[in-house]
Participant: 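Take this structure, written in structure tokens, and hold onto it; I'll ask about it next.
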Amino acid sequence: HMDEGIFIALASGAICLPVILVVVYALKLFVEWIFLGKELETKTKHLLLGLGVPILSIPVTFIIPGILDFCEFDFGSGCNEVSDGVFTFFFFLPFLISLTMIVYSNSIEEKSLKKWAKISALLTFIYAAAMEFLMLVALQTI
């Protein structure tokens with residue numbers, strides 16, 4: 001089962017890399033905004049809203065099932081067994097937040113917010129799909 005470990009490492013790397021790059025870019029903008037001030041303010045605000053909020057919601061979607069003690073199988077640990085659908089919902093929650101941002105940017109006619117929201121929609125969808133895929137892999141190894 002050595003191959004599976006490599007595969008899972010690659011898959012999680014593929015999920016983490018875009019997120020890390022986005023965080024680095026957001027930090028760069030943030031630093032520029034501190035030193036350059038106002039001219040970047042709305043751009044940065046749209047970036048942080050459109051990309052930041054959905055991406056930052058990813059760790060939250062990890063934490064919530066943990067706090068509520070959700071799991072798919074109870075191996076005698078006494079956790080709350082839930083169906084696949086609950087996990088699917090949590091995986092796709094950041095994507096739903098991105099979609100909400102796109103709808104919102106349409107209603108306030110804000111193009112740069114919409115652009116970032118679309119990018120985050122793509123990233124969060126890839127994340128959700130990858131997590132679903134990893135779930136399937138994990139369930140087959142159990």
Side-chain angles (χ1 to χ4, degrees), residues 1-75 77 79-142:
H1 284 299
M2 185 60 201
D3 307 339
E4 255 161 37
I6 295 167
F7 171 73
I8 290 171
L10 283 174
S12 43
I15 298 164
C16 296
L17 192 65
V19 177
I20 292 165
L21 291 175
V22 165
V23 170
V24 169
Y25 183 65
L27 284 173
K28 173 183 162 286
L29 274 189
F30 188 63
V31 169
E32 283 174 6
W33 172 65
I34 289 170
F35 292 111
L36 297 174
K38 287 271 178 263
E39 68 214 51
L40 271 169
E41 195 163 331
T42 49
K43 239 194 222 165
T44 311
K45 225 186 291 182
H46 292 154
L47 170 91
L48 292 177
L49 268 177
L51 255 187
V53 174
I55 297 227
L56 288 174
S57 66
I58 290 177
V60 177
T61 61
F62 263 118
I63 295 164
I64 296 170
I67 292 173
L68 298 175
D69 203 15
F70 284 164
C71 65
E72 287 207 38
F73 303 103
D74 185 353
F75 295 116
S77 56
C79 58
N80 307 312
E81 273 185 75
V82 290
S83 67
D84 296 358
V86 175
F87 283 98
T88 303
F89 170 74
F90 276 113
F91 293 151
F92 280 98
L93 197 58
F95 178 62
L96 294 175
I97 294 170
S98 299
L99 291 183
T100 310
M101 290 282 183
I102 293 172
V103 171
Y104 173 69
S105 64
N106 271 343
S107 67
I108 59 168
E109 291 179 358
E110 198 47 79
K111 290 218 170 15
S112 72
L113 176 60
K114 189 176 180 181
K115 178 186 78 177
W116 289 116
K118 279 181 170 170
I119 293 170
S120 72
L122 183 69
L123 286 174
T124 51
F125 184 79
I126 292 168
Y127 157 78
M131 291 305 288
E132 277 291 298
F133 187 64
L134 286 176
M135 278 296 256
L136 288 174
V137 172
L139 292 182
Q140 279 162 6
T141 57
I142 293 172

Participant: Could you grab the distance from atom CG of L93 to atom OH of Y127, nearest 0.5 Å is fine?
Facilitator: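 That separation rounds to 9.5 Å.
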
Participant: State which residues pass side-chain contact (heavy atoms from CB on, under 4.5 Å) with S98; sequence neighbours excluded, sorted by chain then number.
Facilitator: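 Per chain and number, S98 pairs via side-chain contact (heavy atoms from CB on, under 4.5 Å) with P54, S120, A121, T124.
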
Participant: Are V103 and L99 side-chain neighbours, meaning at least one heavy-atom pair lies under 4.5 Å?
Facilitator: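 Counting from C-beta outward, V103 and L99 never come under 4.5 Å.
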
Participant: Going by side-chain contact (heavy atoms from CB on, under 4.5 Å), name the residues that satisfy it together with T88, two or more places apart in sequence or in a different chain.
Facilitator: F92, E132

Participant: How far does CZ of F91 sit from CG of L96, to the nearest 0.5 angstrom?
Facilitator: 13.5 Å

Participant: Could you work out, with side-chain hydrogen bond (donor to acceptor under 3.5 Å, both in side chains) as the rule, every residue matching K114, not counting sequence neighbours?
Facilitator: N106

